[in-house]
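Counting starts at 1 for both ligands and their atoms, following the listed order. Atom set for the values below is all heavy atoms of this structure, side chains included, hydrogens, waters and symmetry mates excluded.
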Amino acid sequence: MAAGPVFADEPRRALIVSPFDDSIIPFNQLESGIRREMQSELSSRVEIYAEFLDLGQFPSAEYAARVASFLHDKYAGRHMDVVIAISPEALDFLLQRRDYLFADSQFMFAWVPQDQLTAFRVPSNVSGIVTRFNPAPTVDLALHLQPDATTMIMLSGTTDTDRHDLALEPERLKAFAHRLKILYWSNFVMADLLRAVGKLPRGTFLVDRGIIRDGAGQRLVGWQVDEKVTAAASVPVYSPFELLIGHGNVGGNVEDFETEGRQTGRLAVRLLNEHVVGLRIVAATSTIVDWRQLQRWGLSEANLPPGTIVRFRQPSLWDEHKWVVTGAAAALALQAFLIAALIVQARRRRRAQAALELQRRELAHLGRVSLLGELSGAIAHEISNPLTAILSNAQAGKRFLRREPSDTVQVDEIFDDIAADSKRAGNVIKRLRELYKKADAHLEPVDLNGIVADVLELADRRLFEDNVSVATKLATNLPAVRADPVQLKQVLLNLVVNACDAMADNKLSDRGLTIATSCDDKRFAQVTVSDRGSGIATGVAERLFQPFVTTKSTGIGLGLSISRSIIDAHGGRLSASNNSDRGATFSVALPIDEHSPHAVASRDPTDVPNEAPT
Ligand code: ADP
């Protein structure tokens, strides 16, 4: 082929010739390495061309001749500065037609094994990258990871290349002969091989040289075989071929085609720039392992030879989501802090509530004591009355017994009176004890009308002494409220006593108190205490329920504040207002007991004014 004219500013041209089609991945990697390296070195000053000879699918000499003729015509007007043959096959094709094709071009090769250089009689002045297939560094890797291994089995296929290569292996592996029993399995039928590799004892490892034809002559795909073998194997499998890594084997010392491509590209640039003849460079290899397989077999990364490349490392949660993890940790810490703060706050609140409750109970007790203090005169009278009656009845009884004949009928009546009086005194004492007792609130269904009756009984003497007449307006069919009866009595008693106080300046004939019960809505029943007294003093109304608010010279101003806290604790309402004419009305509303709205029947469904007892 005649060389075209070369102009100084013309780009340099390189042609990469591959032996087969474009499906051979390692050769594609090699080609891309060459392109990358040449382009980075020469940038736009290089044009790169590529040819795929397809000699594998079309092995005839006639086809080869036609391809050569085609290339001759194709490149007639375009001078190639360097022609790079990938593989011994491509190199052989080009060297055989050197005068016909690319006569004035520089020749070089990549991926030609050392022994093939001789077999193809490559002239020594042709430069290139020589591959030296050597399984030894892969075996070395296996022994780093499995230092106790005693047996190695090399798996290979039945192609001519396999047989040829296998014959060279004992020489390549002789350094290990003293510490390993080395077996060569090359004639297995696939199914038998898979069975056999599943039963291997510990201390063994396999080296997969890539099987593309098995013992039965069946054509196979190397990486698919590796996947099956590694899945079935009971021991780790290694491979000296880069193409097989990632399919289940642990890894090996392999030729990295991309790196070899770069080596080739660098050599091509040297050929273009310098006068280089017969430069042979050994292809670079790297030790590469599959991180997932190290995990599978429990092989320690610490045992890897220095410089080993670890592929397929699965990033830890930390590696993959560093920011998310940091953020989540910060959020968790913040949350923990907030929870802790809330717990502390809740504890403080509970403590404060408990203290408040204690205070409330103390106050309630104090209120009762002071209330009873106020009532003491009346109470003493209440008790001394029946006691006096008992005494006089007892004396009368004695007298009747002394008579001859004794009046047993009278004596019998006297005893009945004594019993009734002592019961009355006993009742008063019982109610007093109830009110003095420091008991926790105990909510139960309570009949408001019954409470009113009890309170009036307790206040009876006071009402009598103050000449206060009482009218009750008690609702019939009043639903039970949920209340602590003792506390409720305390509240009502306080309201009654306050009403009496408020009417102290009224004329004796003008002292009237009305106690009414009602139920106007479904949720609350109420009891009201109305008087015809002075009314709530201006300036006091807003602070009426605050502690220590009093207009009385002897008052302590606790009754209403205690009463409100008691009613609040019941979920009810205590309110006060002045009547339109005169006096004030205090109203206690309490929640109806849901479970027994009518459980407790009204004890005194009357609407009859109850005149002060005489
Ligand atoms: P105290 O009875 O010791 O004063 P309270 O808390 O029971 O304490 O009452 C506070 C104040 O509310 C009373 O001093 C009085 O001024 C006013 N008050 C209470 N009940 C009535 C009422 N029925 N009529 C007018 N004022 C009242």
Proximal ligand 1 atoms for [X], defined as those under 4.0 Å from one of its heavy atoms:
X	value
Asn494	7 (O)
Gly559	5 (P), 6 (O), 7 (O), 8 (O)
Val549	10 (C), 11 (C)
Leu544	12 (O), 17 (C)
Leu558	6 (O), 8 (O)

Would [X] count as a polar contact of ligand 1, with the cut-off being nitrogen or oxygen pairs under 3.5 Å?
X	result
Ile536	no
Ser561	no
Thr550	yes
Lys552	yes

Practice problem: Please test Glu457 against Lys489 for salt bridge (charged side-chain N to carboxylate O under 4.0 Å, His left out), starting from the C-alpha separation and ending with a verdict. | Solution: CA-CA 11 Å; Glu457 203 178 317; Lys489 281 179 207 171; over 6 Å; no
Quiz item: Which of the listed options, Asn579, Thr551, Leu560, holds the heavy atom that is closest to atom 6 (O) of ligand 1?
Solution: Leu560
Quiz item: To which of Gly535, Ser563, Gly539, Ala499 does the heavy atom nearest atom 26 (N) of ligand 1 belong?
Solution: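 The option holding the nearest heavy atom is Gly535.
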When you measure from the heavy atoms of [X] to every atom of ligand 1, does any distance fall below 4.0 Å?
X	answer
Ala537	no
Phe545	no
Gly557	yes

Say you draw a straight line from [atom1] of [X] to [atom2] of [Y]; how long is it, rounded to the nearest 0.5 Å?
X	Y	atom1	atom2	answer
Arg482	Leu590	CZ	CG	12.0 Å
Leu574	Ile566	CG	CD1	10.0 Å
Arg523	Glu594	CZ	CD	10.0 Å
Asp290	Ile309	CG	CD1	13.0 Å

Self-check item: Residues forming a ring pair (Phe, Tyr, Trp, His ring centres under 6.0 Å) with Tyr238, sequence neighbours excluded
Solution: Phe205
Quiz item: Between Lys552 and Asp501, is there a side-chain N and carboxylate O pair less than 4.0 Å apart?
Solution: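 A salt bridge links Lys552 with Asp501.
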Practice problem: Ignoring hydrogens and angles, tell me if any N or O in the side chain of Thr287 forms a donor-acceptor pair with the backbone of Thr308 under 3.5 Å. | Solution: no
Self-check item: Counterpart residues, side chain to side chain contact (heavy atoms under 4.5 Å, CB included), relative to Ser575 (two or more places apart)
Solution: Ser587
